[in-house]
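All remarks here apply to the structure that follows.
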Amino acid sequence: MSRRTLRTPPGMRDFLPSEKRQREWVIGRIRAVFERFGYEPIETPALELLETLKGKLGEEGEQLLFKVLRRGTALEDLRLGRVSQVTVTDYDEVVDYALPYDLTVPFSRFLAMHPNLPRPFKRYQIQRVWRAEKPQRGRYREFYQCDVDVAGSESMLADAEIITVAIEALLELGFTDFRTRIGHRKILDGLVEWAGGAERFTDICVSIDKLEKIGLSGVREELARREVPQEVAARLLGQLTETGEASAQLTRLERTLADTRNGPAGIAEMRELLDALAAMGLPQDRYLFDLNLARGLDYYTGPVFETFVETPPIGSLTGGGRYDDLIGRFSGQPLAATGTSIGLERILDVMQEFDMLPTSRAVSEVLVTIFDDASRIPALRLAAELRRAGICTEFPLRRTKGLRQQIAYASSKQIPLLAILGPDELREDRVTLRAGPGNQRSVARADVAAEARRFLQELVRTPA
RNA sequence: GUGGGCAUAGCUCAGUUGGUCAGAGCGCUUGACUGUGGAUCAAGAGGUCGCGGGUUCAAAUCCCGUUGUCCACCCCA
């Protein structure tokens with residue numbers, strides 16, 4: 001088998017048992033936080049109609065869709081040699097389906113299809129999504145997102161809860177060095193209107209979103225490159241670089257944006273949101289109002305939020321916002337919604353780098369030894385008994401030579417406990433439980449399950 | 001999509017100015033060792049040196065192309 005064929009597609013990975021268990025551990029913690037706030041799990045298909053996904057991602061998002069070639073029609077003729085070539089003028093002609101790019105759009109489709117669910121509907125969703133990007137550190141073509149969303153509430157309480165859930169999830173995983181930036185699309189909208197660039201809103205958002213990253217001059221250049229008039233850019237940047245307490249900034253903006261269409265509503269919502277957050281018991285230094293946070297996706301309509309770690313510079317760990325119009329685009333019935341996405345892969349990358357993950361050990365907690373034909377049946381019985389007691393147990397599935405080899409197997413698989421049931425033990429109706437050199441005890445055969453359980457608990461408390 | 005680094009066994013990597021350079025360690029397989037911690041000893045499998053072309057008496061080594069991969073940009077989780 002050549003190296004050429006023996007590989008995974010770019011940006012898509014195999015996970016070894018130890019890696020998979022770490023992933024599941026992290027997912028488990030995140031899920032526990034979601035459920036602590038009353039969010040329910042759902043799942044959507046691995047394919048969506050292309051039509052469902054189109055036109056929701058912004059200009060650049062759409063080319064990142066993995067599209068599935070349609071079966072039949074002219075392409076089938078081509079495959080069967082009935083025709084020698086096929087002419088296509090738009091990919092709609094050959095594509096019906098695409099792999100989801102995120103979980104928000106499928107969720108919106110889901111909500112539009114299930115209008116009778118109790119509202120507000122609170123769901124979480126932990127699934128793979130796909131983007132046809134060039135893979136890089138912290139960026140893959142196939143990756144998991146952990147989304148939490150509330151649909152059917154226009155209250156800032158919903159946004160505050162989503163932000164709180166995301167922060168709690170990171171705290172639960174042991175993160176300490178992060179900040180959640182909170183911006184507001186309506187305030188930005190007001191600001192852009194005030195500056196006289198309303199018709200270029202999307203372009204302007206994309207540019208000012210980078211303020212932190214490329215600096216004032218970088219944004220000025222980018223706005224110029226996008227042909228935003230210079231005086232518009234100047235007015236805008238003057239406002240965006242004002243700093244200070246959130247409340248002071250909002251008071252200032254309130255005056256500036258008094259006559260704009262969306263500014264006043266945005267400011268009122270932002271105040272409401274910050275008040276709610278303060279009441280929800282989050283550490284104050286975990287989040288901040290950041291006028292410059294815009295986010296690239298088209299569908300956000302209200303507060304937007306993003307969580308960053310300073311080190312390593314890996315990008316955002318979570319990102320989300322309010323999208324009150326998206327669901328209406330599917331059903332015609334407007335339905336307010338807000339939510340966030342937690343980036344599992346980046347979280348894992350960071351946790352790996354800072355050694356925040358628990359040391360992985362095997363699924364099996366006990367290995368029951370098999371010495372010879374005579375001890376085989378008793379060993380199988382013992383294993384069955386341990387399993388009935390809820391202890392993950394295995395025994396050697398192929399011939400082993402002596403105890404040493406079985407110990408080596410248990411060690412290499414990091415199985416913590418060995419249940420030795422040899423001729424000596426059988427004669428005395430006992431079992432030797434062994435956790436390591438010099439750390440073993442002989443227990444009565446009848447007490448094995450209880451003793452093993454106790455032994456394992458001691459081992460967890462005092463890791464070897 | 002743009003730019004740069006890298007490519008030798010399953011993994012981590014040696015390989016001199018082109019000339020016994022097809023290698024090591026780990027892992028894997030088999031055998032030996034009367035039942036106590038990833039052993040030891042012995043044997044074995046596994047590579048057209050990413051692929052294609054060129055230079056040369058001679059290429060893992062130099063040149064060109066190509067593919068893959070990693071990093072940066074863009075964008076994002």
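Proteins come first, then strands; the chains are lettered A, B, ... in the order of their sequence lines, and each starts at number 1.
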Roughly how far apart, to the nearest Å, are [N] and [M] at atom [atom1]?
N       : M       : atom1 : answer
rG44(B) : rA59(B) : P     : 30 Å
rU66(B) : rC73(B) : C1'   : 24 Å
rU2(B)  : rG65(B) : P     : 15 Å
rU56(B) : rU61(B) : C1'   : 13 Å
rU67(B) : rU20(B) : C1'   : 32 Å
rC49(B) : rA60(B) : C1'   : 5 Å
rU55(B) : rA42(B) : C1'   : 47 Å
rU40(B) : rC26(B) : P     : 8 Å

Within 45° of the six-membered ring axis of Tyr300(A) and under 6.0 Å from that ring's centre, is NZ or CZ of Arg322(A) located there?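 Checked: cation-pi criterion not met.
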Which string of ( ) [ ] | and . matches RNA chain B, if you list each base 5' to 3' and count Watson-Crick or G-U pairs only when both distances are under 3.5 Å? (((((((..((((.....[...)))).(((((.......))))).....(((((..]....))))))))))))....
Reckon [X] touches a base, only the sugar-phosphate, or nothing at all at heavy-atom distances under 4.0 Å?
X         : result
Thr318(A) : sugar-phosphate
Glu133(A) : base
Leu344(A) : nothing
Phe371(A) : base
Ala166(A) : nothing

Lys/Arg-Asp/Glu bridge criterion (N-O < 4.0 Å) met for [X], [Y]:
X         : Y         : value
Glu394(A) : Lys413(A) : yes
Lys186(A) : Asp189(A) : no
Arg286(A) : Glu168(A) : no
Arg141(A) : Glu133(A) : no
Glu142(A) : Arg128(A) : yes

Please identify each residue that fulfils side-chain hydrogen bond (donor to acceptor under 3.5 Å, both in side chains) with Gln405(A), with sequence neighbours left out.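 Once residues adjacent in sequence are excluded, Gln405(A) has no partner under the side-chain hydrogen bond (donor to acceptor under 3.5 Å, both in side chains) criterion.
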Return the polar atom pairs (N/O with N/O) between nucleotides 69-71 of chain B and the protein under 3.5 Å, or none.
unit_1: rC71(B); atom_1: OP2; unit_2: Arg137(A); atom_2: N; d: 2.9

Show, in sequence, the C-alpha distance, side-chain angles and deciding distance for Arg29(A) and Glu24(A), and conclude whether the side-chain contact (heavy atoms from CB on, under 4.5 Å) test is met. CA-CA 9 Å; Arg29(A) 301 297 282 262; Glu24(A) 288 187 341; over 6 Å; no
Which word best sums up how the rings of Phe121(A) and Phe110(A) line up, parallel for under 30°, tilted for 30 to 60°, or perpendicular for over 60°?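 Aromatic pair Phe121(A)/Phe110(A) classed parallel.
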Partners meeting salt bridge (Lys or Arg N to Asp or Glu O under 4.0 Å) with Arg381(A) (sequence neighbours left out):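 Residues passing salt bridge (Lys or Arg N to Asp or Glu O under 4.0 Å) with Arg381(A): none at all.
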Nucleotide [N], atom [atom2] - distance to [atom1] of [X] in whole Å:
X         : N       : atom1 : atom2 : answer
Gln406(A) : rA39(B) : CD    : C1'   : 16 Å
Gln405(A) : rA39(B) : CD    : P     : 10 Å
Asp14(A)  : rC11(B) : CG    : P     : 12 Å

Donor-acceptor pair (no angle test) under 3.5 Å: Glu425(A) side chain, rG35(B) base: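 A donor-acceptor contact between them is present.
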Under 4.0 Å between a side-chain N or O of Arg295(A) and OP1 or OP2 of rA77(B)?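 Checking rA77(B) against Arg295(A), a side-chain N or O does come within under 4.0 Å of OP1 or OP2.
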Could you run down the sub-3.5 Å N/O contacts of the protein with nucleotides 27-31 of chain B?
unit_1: rU29(B); atom_1: OP1; unit_2: Arg398(A); atom_2: NH1; d: 3.4
unit_1: rU29(B); atom_1: OP1; unit_2: Arg398(A); atom_2: NH2; d: 3.1

Identify, with sequence neighbours excluded, every residue that meets side chain to side chain contact (heavy atoms under 4.5 Å, CB included) alongside Gln284(A).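 Only Ala278(A), Tyr287(A) meet the side chain to side chain contact (heavy atoms under 4.5 Å, CB included) criterion with Gln284(A).
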Nearest of [options] to any side-chain atom of [X]?
X         : options                   : result
Asp424(A) : rA39(B), rG35(B), rA77(B) : rG35(B)
Pro423(A) : rG35(B), rA39(B), rA77(B) : rG35(B)
Glu345(A) : rA77(B), rG35(B), rA39(B) : rA77(B)
Ser411(A) : rA77(B), rG37(B), rG35(B) : rG37(B)

Might you point out which heavy atoms bring Met356(A) and Val350(A) nearest each other, and give the distance in Å?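 Closest approach of Met356(A) to Val350(A), heavy atoms only: SD-O, 4.5 Å.
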